[in-house]
Asker: 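Take this structure first; my questions come after.
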Amino acid sequence: MSIMDPTTDNGSSDGPGDRPGSGSVGPDNAPGGGPGNSPDAPTDGPLAFQLVLLRRMADHQPGLVEDALRTLGASRADLREANRRWQAWVHSPRSRGAVGRYRSLLGRPESVTTRRIGDLTCEALTWPVPLWPDLRFEVLTGPQGTAWNAWLVRAPGAPGPDLRTTDDLVPWSCTVDEVARAFAPARPMEGTAPTRWRLAFTAPDAEGERRATVAEFTWGLLQRTIE
């Protein structure tokens with residue numbers, strides 16, 4: 001089950017030359033994946049992008065974020081600076097759109113595959129994320145390179161969690177689609193920000209009592225549950 005709404009663009013799009021596989025090479029998607037010549041672009045792309053992901057997650061899981069910063073060898077100041085530069089880049093008139101930004105920071109995608117969602121055809125671009133080796137950052141693009149969705153998903157072949165009760169819903173352990181499948185039917189709810197999702201469902205607790213639960217996700221990764 002996918003809860004992604006392909007009609008939601010979040011206002012980001014790229015020109016035809018930025019479509020995956022177009023062969024276009026500009027400063028934002030040059031071989032090697034550097035951030036190009038834009039003064040607004042964050043430096044050290046993959047590290048900066050992981051810090052951007054963590055900045056949103058810090059609102060719900062500050063302890064896990066602190067552990068992740070130590071793993072990355074980064075500080076809270078680095079986190080704030082990466083987020084500041086990201087926001088400036090997103091809102092800069094020189095920004096090339098969501099797909100161009102991801103390619104610029106993360107380099108060439110690990111995979112580009114065609115996917116059908118209803119009557120629509122999209123391309124799924126994925127990149128590895130060192131903090132979560134069993135996950136991939138996935139961007140779904142539509143016509144003209146429009147970014148439909150961007151979140152963390154399970155890597156192909158990586159085992160997912162065994163989700164049977166609410167006790168199994170451990171922060172950072174599972175993705176939106178995994179929870180939606182495990183506790184179907186799950187009802188998508190509006191998130192509190194463009195990078196956040198919520199699911200409402202009924203699931204048993206450790207004693208077998210079924211409870212109404214809301215799971216909250218940031219960039220597609222579980223952050224917390226609310227009963």
Side-chain angles (χ1 to χ4, degrees), residues 1-26 28-33 45-46 48-50 52-53 56-57 86 90 95-161 163 172-182 184 186 188 191 193-199 215 217-222:
M1 172 182 177
S2 173
I3 67 163
M4 190 278 295
D5 179 1
T7 63
T8 300
D9 179 14
N10 291 333
S12 299
S13 62
D14 297 310
D18 294 315
R19 296 187 62 186
S22 67
S24 154
V25 177
D28 284 351
N29 60 358
F49 185 66
Q50 290 176 97
V52 169
L53 298 180
R56 281 292 188 186
M57 297 181 189
W86 171 261
V90 167
S95 177
R96 298 181 61 195
V99 178
R101 285 192 296 273
Y102 296 133
R103 281 177 168 265
S104 175
L105 282 178
L106 302 175
R108 295 186 183 280
E110 180 181 74
S111 67
V112 180
T113 57
T114 300
R115 189 176 300 173
R116 292 284 297 177
I117 301 177
D119 295 331
L120 301 175
T121 299
C122 67
E123 285 186 310
L125 289 69
T126 65
W127 290 267
V129 185
L131 267 176
W132 297 284
D134 287 344
L135 301 178
R136 294 294 183 268
F137 184 70
E138 178 187 80
V139 178
L140 296 182
T141 69
Q144 307 302 314
T146 301
W148 282 346
N149 196 59
W151 58 9
L152 294 165
V153 299
R154 189 68 52 186
L163 302 177
W172 290 20
S173 70
C174 47
T175 66
V176 175
D177 271 2
E178 289 170 339
V179 174
R181 288 194 300 267
T195 58
R196 291 179 177 165
W197 293 263
R198 293 192 296 168
L199 285 179
F217 304 81
T218 300
W219 291 103
L221 191 63
L222 177 68

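Position 1 is the first residue of the sequence, and the numbers go up from there.
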Asker: Looking only at non-hydrogen atoms, find the nearest pair between L140 and C122 and report the distance.
Answerer: CD2-SG, 4.2 Å

Asker: Could you tell me if the side chain of L152 sits less than 4.5 Å from the side chain of L221, heavy atoms only?
Answerer: yes

Asker: Quick check: closest heavy atoms across D134 and R154, and the distance to 0.1 Å?
Answerer: O-CD, 3.4 Å

Asker: So do the side chains of P128 and R136 get within less than 4.5 Å of each other, counting heavy atoms only?
Answerer: yes

Asker: Measure the shortest side-chain to side-chain distance between V153 and D177 over non-hydrogen atoms and say whether it is less than 4.5 angstrom.
Answerer: no

Asker: So do F217 and L199 actually touch side chain to side chain, heavy atoms under 4.5 Å?
Answerer: yes

Asker: So which heavy atom on P161 is nearest to which on E178, and how close?
Answerer: CD-OE1, 3.6 Å

Asker: For E138, what residues pass the side-chain hydrogen bond (donor to acceptor under 3.5 Å, both in side chains) criterion, not counting sequence neighbours?
Answerer: R115, W151

Asker: Looking at side-chain heavy atoms only, is the closest gap between N149 and W197 below 4.5 Å?
Answerer: yes

Asker: Nearest 0.5 Å, please: how far is CZ in F137 from CG in L105?
Answerer: 10.0 Å

Asker: Mind listing the closest non-hydrogen atom pair of A150 and Y102 along with its distance?
Answerer: CB-OH, 3.6 Å

Asker: Quick one: does W127's side chain get under 4.5 Å of V139's, heavy atoms only?
Answerer: yes

Asker: When you compare the side chain of F49 with that of L106, does any pair of heavy atoms fall below 4.5 Å?
Answerer: yes

Asker: Tell me if a side-chain donor or acceptor on R196 pairs with a main-chain N or O of R56 at a distance below 3.5 Å.
Answerer: yes

Asker: Kindly compute the distance separating CE (M57) from CG (L222), expressed to the nearest 0.5 Å.
Answerer: 10.5 Å

